[in-house]
Amino acid sequence: MSVPLTLLDRLWDAHEILRRDDGTSLLWVDRHLVHEGSHHAFAKLASRGMPVAEPELTFAVVDHYAPTRAGEVAPDIRRMIRTLGENARAQGIRLFDLKDPGQGIVHVIGPEQGLTLPGLLINCGDSHTSTHGAFGALAFGVGATEVAHILATQTIWQRKPKALRMVFDGTLAAGVTAKDMALHWISKLGTGGAQGHAIEYAGAAVEALSMEGRLTLCNLSIEGGARFGMVAPDEVTFDYLKDRPFAPKGAEWQAALEDWRGLRSDEGASFDREAQFDAGEIAPTVTWGTMPEEALPITEVVPDAARETLEYMALEPGLPLSEVAVDQVFIGSCTNGRIEDLRMAAKVLKGRKAKVPGLVSPGSTQIKKQAEDEGLARIFTEAGLEWAGAGCSMCVGMNGDLVESGKRCASSTNRNFKGRQGRGARTHLMSPAMVAAAAVKGHLADVRPLLEGRT
Amino acid sequence: MSGWSKMDGRAVALAQANVDTDQLIPARFMSQPRSEGYGAFLLQDARADDEGHVLNRHSDVQVLVSRRNFGSGSSREAAVYALVDFGIRAVFAPSFGDIFASNAVNNGLLPARLSEDQIEELIAALGPGEATASIDLEMGAAVIAGREVRFDLDPVWQQKLVNGWDDIDLTAQYDDATKKFRADRMAAYPWAMPAS
């Protein structure tokens, strides 16, 4: 009998070209996704006079600096976007630029275009590359030197991480989402809690998630320290991918399905670590501090924490979280900018008015169109929120969508770090539905009564 | 990148946990070309908000001692550029963000792990000031503020730092294996190529 394997073992073995005596593996990269921030890596390659080894496996997209609103674009932002275009064209790389109907955030369009598939190894110079693991892919973020290495060789040196199985049993309650699952586990294990590990999310509550939910869950792996997050593919995965532009077709689709059905951890496979949570016990969760681990159910109060953190956030211990007034809201990002996220937020906002201003930036141009066709965009604008173009936008503020210093933002994004949404900005992370609730109330609020039609 | 095996310099304590890469270099500076140096961007907001910030008081330092989870968050290698261009050669902490640590090694910056207790002892010894530091990479040992410590570092990374290896050169010697792997993979899994 053969040794039972984990999903990680299977994916790793399938991509390992060789393993050096020191334990480092040289891995084959199936998809390499680049964005404006990859300019350092292209410069490195140019300085060595090397071409991109596999332009057909490399895809470029404008997202981090993508303008999402009408108006003047700052010269350095224009330069970043232009540089990516020049590099892509010079190397024969398919570019999703601002005019492309397929443009959007790299971790949103990968799946949307069918570039992300089960069983692939996917790299991108962005820490949220773990998102793609939701399809049962081996996907991880890399730095600029590694981006240059992949451009030059289509391979990457990597030590195999330890395997962590994270099981969510039970069923999520109404109004509780994948975002709450992620904030919940990160608050329990800590921001560095899963360092050195690849997380395989499993259990009834994970299987019950849509593709969008699984993408959110895997996306936030890095906020708990894990470079990799993954979910074994199933019918939900295959249904999502069928007929996507770059997904296999015809006989190749059938062959792919056969291979993909084997992508799971064997019964009795041994993990280096296990963690278990009861999905039924998870409440709508918000962050109160400046690290993703500083999160609590909305029904709790601000805890007695480090003075520096509370001062930055301008919060007093003992204040109920549901009484924290916000200045503005943001819905979008690679974490929660997908169609299902927009539907959930719109469900809360429908027929209601936002008490504070806010920005809604869909994760891709396609999602933007879909949301407009479904009438979601109108719900947002009628509630008083601004409907913007697709990109990383106010999650990272590189395109100029910033939260002003001292302002407090309820945000569907991934990082509440000091200065993340702008210098001195105060960020509270939560699900898109909870952001919508905060917009309606003008303060952090439990979305559940609103979903039940109560005010 | 040139390798190094020993260094002498000065150390200060950055007595904070979770110094994420957004703090190390705020996003707005990342569109700048590297040629002008990233040192001035290091911890820019923290330094601008606090005149007494340790790096405002001590600008000629090569070693940082900090708390858990240093370099967490964004994969931006610019965070390492900011440290390196400021003159930092080594960071000592109980734990590092995974991506940050690889980026550091790829730029000759040592991410040295010590226990929480050792770090607290060094932070106490350094206080708000600076002290001498010497590091022996091959021995995995350092003396900071008169305290001798042995640090934890992946042996592969140690070799890389000492030799200043460039991975692209290193990988070139496995070209044949890579070519064969590629051909086998394309034949066995044609669906792995992007359609259309």
Side-chain angles (χ1 to χ4, degrees), chain A residues 17-18 22-24 26 28 30-31 37 40 43 48 50 56-57 65 76-77 79-80 114-115 117 119-120 125-127 141-146 148-149 152-155 157 159 191-192 195-196 222 225 227 245-249 252-253 255-256 259 291 396-398 415 417-420 423, chain B residues 1 16-18 20-23 26-28 30-34 44-46 48-49 68-69 72-78 80-81 94-100 102-104 106-107 154-156 159 166-168 170-172 174-175 177-178 180-182 185 189-196:
Chain A
I17 300 165
L18 57 94
D22 61 28
T24 315
L26 184 64
W28 174 257
D30 294 304
R31 297 283 185 278
H40 290 293
R48 304 173 66 114
M50 292 180 82
E56 290 192 0
L57 301 180
Y65 290 84
D76 61 325
I77 292 174
R79 193 188 66 238
M80 289 295 280
L115 290 166
L117 301 173
L120 297 187
D126 188 278
S127 62
V142 295
T145 304
E146 292 170 314
H149 185 273
T153 67
Q154 202 61 23
T155 64
W157 290 102
R159 242 190 214 283
T191 303
Q195 261 167 15
I222 187 69
R227 208 168 172 177
F246 290 92
K249 311 276 181 327
E252 281 183 5
W253 172 257
D259 288 331
M291 294 304 291
V396 68
M398 289 179 177
R415 288 187 173 133
F417 296 159
K418 284 178 193 162
R420 170 76 176 185
R423 196 169 165 201
Chain B
M1 188 180 82
Q16 256 180 279
N18 299 313
D20 58 74
T21 55
D22 273 84
Q23 289 180 65
R28 63 182 181 277
M30 285 165 55
S31 57
Q32 300 305 307
R34 175 80 187 277
Q44 158 92 211
D45 290 348
D49 290 343
R68 74 178 168 97
N69 210 19
S72 62
S74 161
S75 61
R76 58 186 72 171
E77 197 162 300
V80 172
Y81 302 159
S95 58
F96 294 91
D98 285 347
I99 307 177
F100 172 86
S102 337
N103 290 344
N106 281 330
N107 289 276
D154 184 321
V156 178
Q159 281 307 300
D166 178 303
D167 278 345
I168 296 179
L170 211 67
T171 306
Y174 302 108
D175 245 5
T178 302
K180 182 176 183 309
F181 185 94
R182 181 192 193 281
R185 181 157 178 81
Y189 308 99
W191 55 260
M193 282 296 281
S196 76

If you tally heavy-atom pairs under 4.5 Å between each of B/D154, B/T21, B/V80 and chain A, the highest tally belongs to B/D154

The salt bridge (Lys or Arg N to Asp or Glu O under 4.0 Å) partners of A/R79 (sequence neighbours excluded) come to none

> Any side-chain heavy atom of A/Q154 within less than 4.5 Å of one from B/F181?
Replying inline: no

Bottom line for B/Q16: the part with an atom under 4.5 Å from chain A's heavy atoms is side chain

How about B/N103 and A/E146: do any of their side-chain heavy atoms sit closer than 4.5 Å? yes

The interface call for A/A247 against chain B, heavy-atom contacts under 4.5 Å, is backbone

task = Answer yes or no: is there a side-chain heavy-atom contact under 4.5 Å between B/I168 and A/M50?
result = yes

Cut-off 4.5 Å, heavy atoms of chain A, and the answer for B/S102 is side chain

Steps toward side-chain contact (heavy atoms from CB on, under 4.5 Å) verdict (B/M30, A/M398): CA-CA 9 Å; B/M30 285 165 55; A/M398 289 179 177; 3.7 Å; yes

When the 4.5 angstrom heavy-atom criterion is applied to A/D259 and chain B, the contacting part is side chain

From the list A/E56, A/M80, A/H149, the residue making the most non-hydrogen contacts under 4.5 Å with chain B is A/H149

query = Considering only heavy atoms from C-beta outward, does the side chain of A/I17 approach that of B/Y174 to under 4.5 Å?
reply = no

- [ ] May I ask you to check whether B/N106 and A/T145 show a side-chain donor-acceptor distance below 3.5 Å?
- [x] no

Hits for salt bridge (Lys or Arg N to Asp or Glu O under 4.0 Å) against A/R31, two or more places apart or cross-chain, chain-then-number order -> none

The interface call for B/Y81 against chain A, heavy-atom contacts under 4.5 Å, is side chain

Any donor-acceptor pair under 3.5 Å from A/Q195 side chain to B/D98 backbone: no

Q.
Does this structure show an ion pair linking B/D45 with A/K418, if we count only N-O contacts that are shorter than 4.0 Å?
A. no

Honestly, the part of A/T191 sitting under 4.5 Å from a heavy atom of chain B is both

* Answer yes or no: is there a side-chain heavy-atom contact under 4.5 Å between B/P194 and A/L57? => yes

Can you check whether A/T155 reaches B/T171 side chain to side chain, under 4.5 Å on heavy atoms?
yes

Under 4.5 Å to a heavy atom of chain A? For B/A48 that would be both

B/D166 with A/R48: basic N within carboxylate O range, under 4.0 Å: yes

